[in-house]
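First up is the structure itself, then whatever we jot down about it.
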Amino acid sequence: MRLAKDHSLVAWIGTGVMGRSMAGHLQKAGWRLIVHNRTKDKADDLLRAGAQWASGAGEAAARADAVFTMVGFPHDVREVYLGQGGIVERAKPGALLVDMTTSEPTLAADIARAAEARGLRALDAPVSGGDIGAREARLSIMVGGDAEAFAAARPFFEIMGKQIVHHDGPGAGQHAKMCNQMNVAATMMGVVEALLYAKKAGLDPARMIESVGSGAASSWSLVNYGPRILRGDFNPGFYVRHFIKDMDIALAEAKKMNLPTPCLELARDLYQKVVDLGGDNLGIQALYLAMEKM
Ligand code: NAP
């Protein structure tokens, strides 16, 4: 099926922190959208700008030629794709299905198999770059699945992101995202520890970020989350509950590979302290709140 702006309808499921910006870029680029989100008012901006509303993911898929999903957890992904009356059951033959949620590699493979059996084309395409990357259309998009489906999806990815890499077959995008999350886990610990050290040593932490953030120890986490921590802004961004979900997926995958992951295990323990403080719905920079209490 050839996708074109004049005759194709694009379904977008999940209009939270990330999804609403990403879908907005497709809309601004001229794609006609049909949207669904569990909480309808989070789709208001897209609806006001002309998107159609669907009362469920399956209903949206039944009317669309390409379906993008950006929901929260693997159980949400399973429900919208494989649940009764879901996307795989109701999508049009030949439709392109793209899950951009950070989810399990094995679930991505299950969806790809179920989709193929119905003559659909499915990709896993999780992203990195945070809420800012989504807003500024600067995401890094890590894709798993069939090469032909990737070629069909690429024009959409180019609207939402800057770095687009096709890794391998189904699930490979999710594996690449797990590598991303392992790096985030390690850098967040370093960022918070260095900020606490700077404070104790009597440095101006903002100036520390300025100099370290321009050297070899710079990281996205330091440059983007460091200033938020200094402002006392612990809002998401990227929810602690989602990061815990990602670390648990990566730990489970590493265990299957017999791979020791001491850094990730330490980060998981430290983030448990954030949860124990009631911080599940804060942004991941809230690691600072837990580590300053240690
Ligand atoms: P979010 O704000 O919670 O957005 C997820 C949206 O999906 C919510 O609005 C939620 O509805 C909706 N949803 C969940 N299950 C649904 C279902 N079954 N049917 C319909 N809608 C459903 O989270 P986010 O920050 O955008 O993150 C989305 C995904 O991207 C997560 O997997 C996260 O790990 C990943 N990610 C996030 C970031 C980041 O910086 N935020 C960066 C990279 C990747 P409600 O509004 O009712 O909750």
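Small disclaimer: the values here were computed from a predicted structure and weren't measured. Just so you know, these numbers use all the heavy atoms, side chains as well, and skip hydrogens, waters and symmetry mates. As the structure lists them, so they are numbered: ligands from 1, and atoms in each ligand from 1.
- With a 4.0 Å heavy-atom cut-off, ligand 1 is reached by the side chain of Val80 but not by its N, CA, C or O.
- Remark: Arg241 qualifies as a cation-pi partner of Tyr239 under the 6.0 Å distance and 45° angle criteria applied to the six-membered ring.
- Comparing heavy-atom distances from atom 33 (C) of ligand 1 across His242, Met100, Arg20 singles out His242 as nearest.
- Residue Gly72 has at least one N or O atom closer than 3.5 Å to an N or O atom of ligand 1.
- For atom 30 (O) of ligand 1, the closest heavy atom belonging to the protein is Met70 CE, 3.1 Å.
- Cluster membership for Val191 and Phe234, using ILVMFWY side-chain heavy atoms within less than 4.5 angstrom, is shared.
- Thr39 OG1, 2.4 Å is the protein heavy atom nearest to atom 47 (O) of ligand 1.
- Annotation: atom 2 (O) of ligand 1 to nearest protein heavy atom, Val17 N, 2.9 Å.
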* Evaluate salt bridge (Lys or Arg N to Asp or Glu O under 4.0 Å) for Asp65 paired with Lys92, printing each intermediate quantity in order. => CA-CA 7 Å; Asp65 306 292; Lys92 290 186 194 176; 3.1 Å; yes
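- When non-hydrogen atoms are compared, ligand 1 lies under 4.0 Å from the side chain of Lys42 (C-beta onward) but not from its backbone.
- With hydrogens left out, the protein atom closest to atom 9 (O) of ligand 1 is Asn37 OD1, 3.0 Å, a heavy atom.
- Looking at Tyr239 against ligand 1, only its side chain comes within 4.0 Å, counting heavy atoms.
- If you check each of Thr101, Val77, Val71 against atom 28 (C) of ligand 1, the one with the closest non-hydrogen atom is Val71.
- Backbone and side-chain nitrogen or oxygen atoms of Val127 are examined, and none is located within less than 3.5 angstrom of a nitrogen or oxygen of ligand 1.
- Judged by distance alone, the side chain of Trp31 and the main-chain N or O of Leu33 form no donor-acceptor pair under 3.5 Å.
- Scanning all protein heavy atoms for the shortest distance to atom 48 (O) of ligand 1 gives Arg38 NH2, 2.9 Å.
- A donor-acceptor pair shorter than 3.5 Å can be found between the side chains of Thr187 and Ser221.
- Here is the list of ligand 1 atoms found below 4.0 Å of a heavy atom in Lys245: 31 (C), 32 (O), 33 (C), 34 (O).
- Distances between N or O atoms of Gly237 and those of ligand 1 include at least one value under 3.5 Å.
- Against a heavy-atom cut-off of under 4.0 Å, Lys177 is close to the following atoms of ligand 1: 43 (C), 44 (C).
- The shortest contact between atom 4 (O) of ligand 1 and any protein heavy atom is with Gly16 CA, 3.4 Å.
- In this structure, Ile164 is a member of the same hydrophobic cluster as Phe68, with clusters built from ILVMFWY side-chain heavy atoms closer than 4.5 Å.
- Looking at Arg78 against ligand 1, nothing comes within 4.0 Å, counting heavy atoms.
- The distance criterion of under 3.5 Å between nitrogen or oxygen atoms is met by Thr102 with respect to ligand 1.
- When side chains are defined from C-beta on, Val143 does not count as touching His167, because their heavy atoms never get closer than 4.5 Å.
- Taking NZ of Lys293 as the start and NZ of Lys273 as the end, the distance is 12.5 Å to the nearest 0.5 Å.
- Interatomic distance, Gln285 CD to Met188 CE, rounded to the nearest 0.5 Å: 6.5 Å.
- Remark: the Asp99 side chain and the Thr101 side chain contain an N/O donor-acceptor pair separated by less than 3.5 Å.
- With hydrogens left out, the protein atom closest to atom 42 (C) of ligand 1 is Met18 CE, 3.5 Å, a heavy atom.
- There is no path of hydrophobic side-chain contacts, each under 4.5 Å, that joins Val17 to Val240.
- In Glu79, the part holding a heavy atom less than 4.0 Å from any atom of ligand 1 is the side chain.
- One side chain, Arg63 or Gln52, offers a donor N or O that lies under 3.5 Å from an acceptor on the other.
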